[in-house]
Amino acid sequence: MSSRSLRAVARHLSRAEAEAICKRVLGFSTADECRVTINSGVRANTRFAVNQISTAGDNYNAAVSIRAVFGKKVANVTVNRLDDAALREAVQNAERIAKLAPDDPELLPELGPQQYEESIVWNDATASLEPEARADAVREITERARAAGLVSTGYLEAQASAFAVANSKGLFAYQRSTGVAFTTTVRTEDGKGSGWAGASDNDFSRINPRELAERAIEKARRSVNAAAIEPGRYTVVLEPTAAANLIQLIGGALNARNADEGRSFFSKAGGGNKIGEKVVDERVTLYSNPLDPRVPAGTFGGDGLPNQATTWIENGVVRNLAYDRFWAERTGKRQSSTGGTLAMNGGNETVESMIASTQRGLLVTRFWYIRGVDPRTILFTGLTRDGTFLIENGRVTRPVKNLRYNESPIFMLNNLLAMGRPERVSASESGGPGQAIMVPAMKVRDFNFTSTSDAI
């Protein structure tokens, strides 16, 4: 069977197919309330190492999750068989378990029908990306690395999926989405130099493999024989990926309940939260908009409630926090979430102009091994990787060994000196599509490095 005929088999469920499955499941239910969610789609990947493809594959799955409710008791069961016998058995299992479960004091009734904006996350070029096209993209990198006497590795992953939710109160919602990420690490044959480049988008045609190759090759060449420097506080020029590695951590800290209960940076001394307080430089605005064509996201969440455009921080001031449905009703607020997308405004500087205005500092390509230290300050630790360079008198002068940092994106955004234009980047350590995030390159003073690392 050809790859194209395989793709014809391996696909996401259509709206009509998903709705039919939901109706069948709801028809089997005897619970007080029932919710059905369906995730289906294709995940395709091509991995390469030592300048050649090492593995490639497409996998398809459709998973049906059934939520049964009796009074305040709830249980969930997931199945990936779609025949009536399997679906009926899953419903019965969910109902049997629900009856044995303890009461959930925070359980809310299911939503009724909702109105949704049409999602713009789907892209045909990504959904139709064949193995041959992925291989061609990889060759743009491997052939250039080989010609340069360097060694390339990397990962290309594309997803085309559909999500549906329905319940016993008449709600039904369906949306399709695509995403693709392409990352590469290029090293010298002796392993003394390493460069990285990556990109992520919903539209594969907006990713330029040749540009990724050239960036990673240049970094690998320039990073050979890195010298150790003393750790300490440095002015840094963060390329967009490095900036996004840290800015995305603010999105994960926006939970309103954690703030209201005193467990978060956004908790206010003496009780409550910091909505209305200035917390970062006044040039900073952070927002989520599922209909932003640069970083789109789904227009509804797992319970069927619509996602809306939300500004989290505006001109340095906290305007909103993320409220799940329970906490929104408890506090009288509107439910809100990032919905898998986060964007930041920017300025008109370039990386080159920020370097030129720096007397002494560091240029950072990206961060790695990012781990939490203190949620009350959003303090994280991690390492620079794949291209860290010393800046002296407005010029990049030499590569330096990687450094461990202890830093908070909040501290960073209070020490902001300059910003470039926002760019969508691949900020996921896994190399997959991950969250849709768009941030600018930025120049920051007093960035805290605590030790050096011999790792390349």
Between Leu342 and Gln435, is any pair of side-chain heavy atoms under 4.5 Å apart? yes
How many angstroms lie between atom CD1 of Ile207 and atom OG of Ser426, to the nearest 0.5 angstrom? 8.5 Å
Give the intermediate values and the outcome of salt bridge (Lys or Arg N to Asp or Glu O under 4.0 Å) for residues Glu110 and Arg67. CA-CA 10 Å; Glu110 290 294 317; Arg67 172 184 167 99; 3.4 Å; yes
Can you check whether Cys22 reaches Ile38 side chain to side chain, under 4.5 Å on heavy atoms? yes
Answer yes or no on whether Arg176 is positioned over the face of Tyr174, meaning its NZ or CZ is under 6.0 Å from the six-membered ring centre and within 45° of the axis. no
With side chains defined as the heavy atoms from C-beta onward, is the minimum distance between Phe28 and Glu95 less than 4.5 Å? no
Pick one: which of Val25, Val64, Val79 meets side chain to side chain contact (heavy atoms under 4.5 Å, CB included) with Val91? Val25
Side chain of Asn402, backbone of Ser453: donor and acceptor closer than 3.5 Å? no
Residues in side chain to side chain donor-acceptor pair (under 3.5 Å) with Ser205, at least two apart? Asp203
Exam field: side chain Glu157 to backbone Gly431, donor-acceptor pair closer than 3.5 Å: no
Minimal non-hydrogen separation, Leu129 against Ala158, with atom names: CD2-CB, 3.9 Å
Report the C-alpha distance between Asn123 and Phe204 in whole Å, list the side-chain angles of each, state the deciding distance to 0.1 Å, and finish with yes or no for side chain to side chain contact (heavy atoms under 4.5 Å, CB included). CA-CA 8 Å; Asn123 177 264; Phe204 180 70; 5.5 Å; no
Whether over 12 other heavy atoms sit under 6.0 Å from Lys274 NZ: yes
Which heavy atom of Gln335 sits nearest a heavy atom of Asp303, and at what distance? NE2-OD2, 3.9 Å
CZ (Phe182) and OG1 (Thr46) are apart, to the nearest 0.5 Å, by 8.5 Å
Side-chain heavy atoms of Pro440 within contact of Met344, under 4.5 Å: yes
Within the 3.5 Å criterion, strictly below it, is a donor on Asn202 or Arg424 matched to an acceptor on the partner's side chain? yes
Go through the structure and list residues passing salt bridge (charged side-chain N to carboxylate O under 4.0 Å, His left out) with Arg294, not counting sequence neighbours. Asp292
Distance only, no hydrogens: is a donor on one side chain within 3.5 Å (strictly under) of an acceptor on the other, for Arg404 and Thr381? yes
Spell out, as yes or no, whether a donor-acceptor pair under 3.5 Å connects the side chain of Asp103 to the backbone of Pro105. no
Among residues two or more places apart or on two chains, list those pairs meeting salt bridge (charged side-chain N to carboxylate O under 4.0 Å, His left out) that have a residue in residues 21-30. Arg24-Asp84
Would you check if there is a donor-acceptor pair between the side chains of Ser288 and Thr341 at a distance under 3.5 Å? no
Specify the closest pair of heavy atoms between Ser200 and Pro433, including all atoms of both residues, with the distance to one decimal. OG-O, 3.5 Å
If we count only N and O atoms by modelled type, under 3.5 Å, do the side chains of Gln52 and Thr142 hold a donor and an acceptor together? no
Are Trp327 and Asp260 close enough that a side-chain donor and a side-chain acceptor fall under 3.5 Å? yes
Begin with the C-alpha distance, continue with both residues' side-chain angles, and end with the deciding distance and a verdict on side chain to side chain contact (heavy atoms under 4.5 Å, CB included) for Glu429 and Ile370. CA-CA 8 Å; Glu429 284 189 86; Ile370 302 164; 3.9 Å; yes
Sequence neighbours left out, what passes side chain to side chain contact (heavy atoms under 4.5 Å, CB included) with Asn448? Give chain and number order. Arg233, Asn406, Glu407, Thr450
One should read off an interatomic distance between Ile66 CD1 and Arg88 CZ, to the nearest 0.5 angstrom, of 11.5 Å
With a 4.5 Å cut-off on side-chain heavy atoms, are Lys169 and Leu111 touching? no
Is any side-chain heavy atom of Glu239 closer than 4.5 Å to a side-chain heavy atom of Val364? no
So the ring pair (Phe, Tyr, Trp, His ring centres under 6.0 Å) pairs with at least one residue in residues 110-129 (sequence neighbours excluded) are His12-Trp122, Tyr116-Phe300
Across all chains, not counting sequence neighbours, the salt bridge (charged side-chain N to carboxylate O under 4.0 Å, His left out) partners of Glu17 are Arg11
List the residues meeting side chain to side chain contact (heavy atoms under 4.5 Å, CB included) with Thr153, not counting sequence neighbours, and say none if there are none. Ala49, Thr185
Give the minimum heavy-atom separation between Phe449 and Leu362, together with the two atoms involved. CE1-CD1, 3.7 Å
Report the C-alpha distance between Val280 and Ile410 in whole Å, list the side-chain angles of each, state the deciding distance to 0.1 Å, and finish with yes or no for side chain to side chain contact (heavy atoms under 4.5 Å, CB included). CA-CA 6 Å; Val280 293; Ile410 297 296; 4.1 Å; yes
Not counting sequence neighbours, which residues clear side chain to side chain contact (heavy atoms under 4.5 Å, CB included) with Ile275? List them please. Asn273, Val318, Leu321, Tyr323
Does a side-chain heavy-atom distance below 4.5 Å link Pro375 with Arg263? no
Testing Thr285, Val279, Leu413 one by one against Ile313 for a side chain to side chain contact (heavy atoms under 4.5 Å, CB included), which residue passes? Val279
Side chain to side chain contact (heavy atoms under 4.5 Å, CB included) between Arg283 and Leu416, worked out: CA-CA 9 Å; Arg283 289 170 289 178; Leu416 187 63; 4.0 Å; yes
Salt bridge (charged side-chain N to carboxylate O under 4.0 Å, His left out) pairs touching residues 326-354, sequence neighbours excluded, are Arg325-Glu329
Test of ring centre spacing under 6.0 Å for Tyr405 and Phe411: no
Testing the basics here: between Ser119 and Gly298, what is the closest heavy-atom pair and its distance to 0.1 Å? OG-CA, 4.4 Å
Thr241: what forms a side chain to side chain donor-acceptor pair (under 3.5 Å) with it, not counting sequence neighbours? none
If you take all heavy atoms of Asn167 and Leu26, which pair is closest and at what distance? O-CD1, 3.5 Å
For Asp386 and Arg366, run salt bridge (Lys or Arg N to Asp or Glu O under 4.0 Å): C-alpha distance rounded to whole Å, both residues' side-chain angles, the deciding distance at 0.1 Å, then the answer. CA-CA 7 Å; Asp386 300 316; Arg366 69 169 180 145; 2.7 Å; yes
Find the distance between CG (Leu108) and NZ (Lys72) and round it off to the nearest 0.5 Å. 6.5 Å
Do Thr338 and Trp312 have side-chain heavy atoms sitting under 4.5 Å apart? yes
Keeping to residues at least two apart or across chains, list the salt bridge (charged side-chain N to carboxylate O under 4.0 Å, His left out) pairs with something in residues 112-129. none
Residue pairs passing the salt bridge (charged side-chain N to carboxylate O under 4.0 Å, His left out) test where at least one lies in residues 308-322, sequence neighbours excluded: Glu314-Arg319
